[in-house]
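The basis for the numbers below is simple: all heavy atoms, side chains too, and nothing from hydrogens, waters or symmetry mates.
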Amino acid sequence: FALRDGLSCASFYEGLFAALRAYSQELIAIVGHQPGLGQFIARSLPGTVSPQSIELKKFGVAFLSFDADPGAGRATLRWLLAPGVLRAAR
């Protein structure tokens, strides 16, 4: 999956949601960096969620689920783990 350079922020995320809808797998991992990953999570959640409220540090992991087709405002944040939690679980 690839997105073209020069897409607006809104069309980038719509392209990402469309790509997620195209996959039939039940679980898909998305890897990214801040602020883009936090913005994607915020757009995925219902209501008005500020991307700054998503504290996702390097090597942190968020688990989102979509009850319907992936799209803006359709996700539930199941958990958000800090890197220290992941290191301790090894």
Within-4.5 Å side-chain heavy-atom neighbours: [X] and [Y]:
X: F63; Y: L27; value: yes
X: P83; Y: R87; value: yes
X: R74; Y: D67; value: no
X: S44; Y: F17; value: yes
X: I41; Y: L56; value: yes
X: F40; Y: F12; value: no

Is the backbone N or O of [Y] less than 3.5 Å from a side-chain atom of [X], with the two atoms forming a donor-acceptor pair by type?
X: Q34; Y: G38; answer: yes
X: S50; Y: Q52; answer: yes
X: R21; Y: P70; answer: yes

Between atom CD1 of I28 and atom CG of L64, what is the distance when rounded to the nearest 0.5 Å? 12.0 Å
Kindly determine whether I30 and L20 satisfy side-chain contact (heavy atoms from CB on, under 4.5 Å), including the steps that lead there. CA-CA 10 Å; I30 298 174; L20 290 174; 3.9 Å; yes
Is it the case that one hydrophobic cluster holds both [X] and [Y], taking links as side-chain heavy atoms less than 4.5 Å apart, direct or via other members?
X: L77; Y: L81; value: no
X: V85; Y: F59; value: no
X: L37; Y: V61; value: no

Does F66 CZ have over 12 foreign heavy atoms under 6.0 Å away? yes
